[in-house]
Amino acid sequence: MKKNLKYAYYKEISRYKELLAKEDYPNAWHHLERIHIIGQSYPIEHTYSHWLMLKFGLMQKNSKEVFGQIIRLLVGGWKSFINHVPIGNTGGANVPPLKRMIIPENINALFHTK
């Protein structure tokens, strides 16, 4: 993972944790989605994003999210390893796991920074 992506990835994790502590769940989830987009091409980071989403789903008692994240945890890291991820996918159970999505501009810029 390039240095600028790693920095952005961990910054999003930090922001997620801050918002979670404040019980600002919708915005915390938004940062989980951003974590997923940034990390999805990297097996460890991709898997960790789904782990955080699973924990969030458990905390919210959201059975659809929990089930969706268990499935994604089983295959997500491998998909990254073979470079077969749907670019831009936000990673939640509310979207199909193979759906490509538009990457937010500020994240897309990170992918094109040298």
Within the structure provided, determine whether [X] and [Y] are in side-chain contact (heavy-atom separation under 4.5 Å).
X	Y	answer
Y9	Y42	no
Y10	I13	yes
P97	I71	no
F56	L20	yes
N106	R34	yes
V66	L54	yes
M1	E45	yes

Closest contact, heavy atoms only, [X] versus [Y]:
X	Y	result
A93	G68	CB-CA, 4.0 Å
K64	N94	NZ-CA, 4.4 Å
N4	T113	ND2-CB, 3.4 Å

Is there a donor-acceptor contact under 3.5 Å linking the side chains of Q69 and H50?
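The criterion, which ignores hydrogens and geometry beyond distance, is satisfied for H50 and Q69.
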
Looking at H46, is its backbone amide N or carbonyl O close enough to the side chain of S49 to form a donor-acceptor pair, meaning the two atoms are under 3.5 Å apart?
yes

Can a donor-acceptor pair be found, under 3.5 Å and without considering hydrogens, that links the side chain of N89 to the backbone of P96?
yes

Out of curiosity, does [Y] fall in the hydrophobic cluster containing [X] (side-chain heavy atoms, cut-off under 4.5 Å, transitive links)?
X	Y	result
L5	I87	yes
I37	M101	no
M59	Y48	yes
M53	L19	no
W51	Y25	yes

E18 and R15 ion-paired at < 4.0 Å
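So E18 pairs with R15 through a salt bridge.
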
Output the distance between atom [atom1] ([X]) and atom [atom2] ([Y]), rounded to the nearest 0.5 Å.
X	Y	atom1	atom2	answer
I38	I103	CD1	CD1	10.0 Å
T90	H30	OG1	NE2	10.5 Å
T47	L74	OG1	CG	10.0 Å
I107	I102	CD1	CD1	13.0 Å
I70	E65	CD1	CD	10.5 Å

NZ/K11: more than 12 non-hydrogen atoms of other groups inside 6.0 Å:
no

Would you please test H31 and E12 for side-chain hydrogen bond (donor to acceptor under 3.5 Å, both in side chains) and show each step?
CA-CA 6 Å; H31 287 278; E12 292 293 337; 2.5 Å; yes

